[in-house]
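Inspection log for the structure reproduced underneath, given as structure tokens.
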Amino acid sequence: MERDIPMSTDAADATPAYRYTAELAGEIERRWQQHWEEQGTFHAPNPVGPLKGDVPADKLFVQDMFPYPSGAGLHVGHPLGFIGTDVFARYHRMNGRNVLHTMGFDAFGLPAEQYAVQTGQHPRKTTEDNIQTYLRQIRRLGLGHDERRRISTIDPGYYKWTQWIFLQIFNSWYDTAAGKARPIAELEAEFASGERSTPDKPWAEMTGVERQRLLGEYRLAYLSEAPVNWCPGLGTVLANEEVTADGRSERGNFPVFRRSLRQWMMRITAYSDRLIDDLERLDWPEKVKAMQRNWIGRSHGARVRFAVEGAGASPETVDIEVFTTRPDTLFGATYMVLAPEHPLVDVITSTEQAEAVAAYRREVSRKTDLDRQENKEKTGVFTGAYATNPVNGSRIPVYVADYVLMGYGTGAIMAVPGQDQRDWDFAKAFDLPIIRTVQPPADFEGEAFTGVGPAVNSSQKNGLSLDGLDVAEAKKKIIAWLEEQGRGEGTVQFKLRDWLFSRQRYWGEPFPIVYDEDGAPIAVPESMLPIELPDVDDYSPRTFEPDDANSEPSPPLSRADDWVTVELDLGDGPRKYRRETNTMPNWAGSCWYQLRYVDPTESERFVNPENERYWLGPRTTEHGPSDPGGVDLYIGGVEHAVLHLLYARFWQKVLFDLGHVSGDEPYRRLFNQGYIEAYAFRDARGVYVPAEEVEERDGKYFFAGEEVRREYGKMGKSLKNVVTPDDMCEKYGADTFRLYEMSMGPMDVSRPWATKDVVGAQRFLQRLWRNLVDETTGELRVTDEDPDEEALRLLHKTIAGVHDDYANLRYNTAGAKLIELNNHVTKHFPGGAPRVLAEPMVLMLAPLSPHVAEELWSKLGRTESLAHGPFPKADEKYLVEDTVQYPIQVNGKVKARVVVSASASADEVKAAALADEKVAELLNGGEPRKVIVVPGRLVNVVL
RNA sequence: GCCCCCGUAGCCCAAUCGGUAGAGGCAGGCUCCUUAAAAGAGUCACAGUACGGGUUCGAAUCCCGUCGGGGGCACCA
């Protein structure tokens, strides 16, 4: 071998200097990103304040769900939504709207803290490093963010206002009569004046502690000693929303135990009705609305009081109140059940049954939620007491059983085995009577009948009868009767619980609360905000064996003695106080960030009202009279359906009630993007192998010669199937990557990642580039040729279609239309693209692949960035066709086609169809039974 | 167990009011270009809409049932 010239050298030499390769794309992209940044191209002006500028009335606020800056870095699935919002934002910006699009970071949270614990670094350091990595990754994608508006929840300048909002919530109460939150001072005034009566003694006679305790029962943020979800494995308590159905933590999958602890709560239940009702005013996916409705769980029913003859120590009669959604079945109540934790169990249990009841309660208390969940066999114990059914005076036994939960309704039920399967099962197990009070259909073969039908066996001697009434009528009648008798009333019950708001963590917002020597919580004055996180030696909460239910929470801040004890002058001279050592949950910062995006640097207020109204206020002329305001388009995954999205709505409503914001919903339109999923492969041992190196042969998969098994699901490091946006930008360029992600399918559909398909997007950009630029010289190939009618028709059809597609988030079809147009240019204008076609094509491409579009736009001689338009407009005259081709169906099958003038009347079209040779042949001289002419579409001849 | 969504070509996906099943991409065949290969250009084929019924002049689209996939809720009275 004389010379060793690798083949690839020839290949490299053969690549024309100005071909749109990944290298050239990379160069163009970096150049334009720098240009945009220097020019502030994506700065959106505010009406007033530090970011003041000339504002068009037409605005658009587009927002991505707040990212958490994970240390793991991004994979190709993460930017899907970010690119989606960017395309939308760019499209509307080109059409002249003032577009607010930015991205900040939800940077408090467990992973940073855990990482800090492992490495000994301060969580702020690791978090800020992660943010830089994240920013580097997303910058490479060319997202048109207003970087002046980047915020981070961990900045004291941000969490000062999170604390401020907490104080607003703490200092307000829900006035059910007015149906809104009001300042607590107004309640205090009502108590003081006697306008509202106090429970035990007059306000004037109450001590300060008593008064504060009373107000605490009204505050929307309050301290409560109540059973909470204690997770020893995480060393913190969790909200109901953070616990899975099988009683484990959503994060980390550790067991969760019920423990009674003194914790901060948010009175979100005060807003149950509004949170459900206002869903109707939102442009949100039905699925998410359904999940929220389900979680809030409103059910209409009645409370009914049953008198119980005390069988135990206290012989007097007590009332047991139950909640039921089926008061119409009251005649079928053959026994009652109390939850094991119900306080009346002690009162009514007979001495004979006392031991059995106590044993049962002990047994139940040892069961975890998971045990109770898994074992659906009905268990329980008779209390020895009997209740009287108010409708017919029948004497029914009272049981204790764990299928009744203390946490829902009143913790007691009337059992109607004829109409409830759970009660049926219990009645069968304990041999209790069953009475049907709704007539099932004749062919009904089930056990309990929960359907609708006429009431039966539902009358009493002295007149009350439901017999023959349908379920709805019977409910109405019995509720009226109960109210008249004073034995019950119609009511509404919710599943939603108040929101547990304390966490025993270091890396979260400190509460702006101190305690005096009486242990009463006192709000820190606004002027002292922010309460900054102190430095500590150890960031970790004390965690425990995950199964150690008896462990005690120990927040890291409680060990920062110098910080915890503080001397303040809160009006009556300097005194010592103790700080709250819990921190706020991760959700706090994301409850209001859209408001801060609007006014990130405002120092006097959390947001200037004028700017808030401009960007987020209701716009009834555009969106209808019930428009709640909020972000115009909010894109994110469906996983936040009941956590973040419910909490954020709650905070917004409180702020609205108190007059701090102009709209009562934070997100007018919500869109859930799908997920990018991927194949993963495991070998015979079940170990994951690098997906990239797997080969497919005849429908089987091989890694290093061995057959491997294919799975489909998430992308993840441990699954060895991660593809990063950095890789894709390196290999193809950001514009190609963006275009590919957007062409994979509709935004809301999940789909598998396929690296091999990315080349299709690259080829398209190369062809388009080549139509405008000479690959060898880099000279413009655009001509002044007047394109023919056909090309103009296609151009304007494309413009009209692409407009519609962009506006409706159908980026995949927008991309396809551009490819179609470009293919036409390639085929019909081999000498170069006519400028009349080239310019609109470049502009229409810009939202999807902005860098190459800017580059071509400037090569076309334009000196201004195309970021603010113009976006081409379709000329109507090219959209109407002169002639129309009608397919002619005979009995629904296409048999022929005729071409007629577009202005032809239905009769003319019909005549043309019947005159067609093929059709005439099939008619064979006879008359058709019927001829259907669909104008512009087709003709169907029925024989 | 209850509720919701989805099944179109080998793969990802179009089809806007019930009106010609195919826009686009990947993979594949063929032709051109090339010493050759790759890249590129051109061109072609492939399904009748998961399955079974129904409504209709006409169904991927509406209705009922079955199968398959995904998701939510779950002893909530």
- Hey, is the side chain of R19(A) poking within less than 4.0 Å of OP1 or OP2 on G40(B), counting only N and O atoms? no
- Phosphate-side-chain proximity, N808(A) and U16(B), N/O vs OP1/OP2 below 4.0 Å: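 No, no such contact exists.
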- Item | Pairwise P distance, A59(B) and G52(B) [rounded to whole Å] |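 Result for the P pair: 15 Å, nearest Å.
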Using a cutoff of under 3.5 Å, can you pull out all pairs of nitrogen or oxygen atoms linking the protein to nucleotides 6-12 of chain B, with atom names and distances?
from   : atom 1 : to      : atom 2 : distance (Å)
C12(B) : O2'    : M744(A) : O      : 2.9

In whole Å, I'd like the distance from the [atom1] atom of [X] to the [atom2] atom of [N].
| X | N | atom1 | atom2 | answer |
| --- | --- | --- | --- | --- |
| L938(A) | A59(B) | CG | P | 12 Å |
| Y403(A) | G1(B) | OH | C1' | 17 Å |
| N823(A) | U43(B) | CG | C1' | 13 Å |
| N294(A) | C3(B) | CG | P | 12 Å |
| M844(A) | A23(B) | CE | P | 19 Å |
| E820(A) | C13(B) | CD | C1' | 15 Å |
| K827(A) | U43(B) | NZ | C1' | 9 Å |
| R767(A) | G24(B) | CZ | P | 10 Å |

- Message: Of the options C57(B), A77(B), C26(B), whose atoms approach the side-chain atoms of V942(A) most closely?
- Response: C57(B)
- Message: Check E280(A) with R293(A), please: is the shortest side-chain N to carboxylate O separation under 4.0 Å?
- Response: no
- Message: Whether K895(A) and D916(A) form a salt bridge (side-chain N of Lys/Arg under 4.0 Å from carboxylate O of Asp/Glu) is what I want to check.
- Response: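 A salt bridge is absent here (no side-chain N lies under 4.0 Å from a carboxylate O).
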- Task: Examine K378(A) relative to Y403(A) and say whether NZ or CZ is less than 6.0 Å from the centre of the six-membered ring and inside a 45° cone about the ring axis.
- Result: yes
- Message: On RNA chain B, does the nearest nucleotide to N940(A) precede the nearest nucleotide to V638(A) from the 5' side, or the other way round? Give the residue.
- Response: N940(A)
- Query: Taking for each residue the nucleotide of RNA chain B bearing the nearest heavy atom, is the 5' side occupied by G815(A) or by Y408(A)?
  - Reply: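 Its nearest nucleotide being more 5', the pick is G815(A).
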- Heavy-atom check, side chain of R326(A) versus side chain of V416(A), under 4.5 Å: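 SC-SC contact between R326(A) and V416(A) ruled out.
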- Query: Which nucleotide, in any strand shown, forms a Watson-Crick or G-U wobble pair with C67(B), with both distances under 3.5 Å?
  - Reply: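 Partner of C67(B): G7(B).
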- Candidate pair R770(A) and E775(A), rule salt bridge (charged side-chain N to carboxylate O under 4.0 Å, His left out), full reasoning: CA-CA 6 Å; R770(A) 198 182 299 124; E775(A) 285 191 331; 3.0 Å; yes
- Relative to the ring of Y712(A), is the ring of Y679(A) parallel (under 30°), tilted (30 to 60°) or perpendicular (over 60°)? tilted
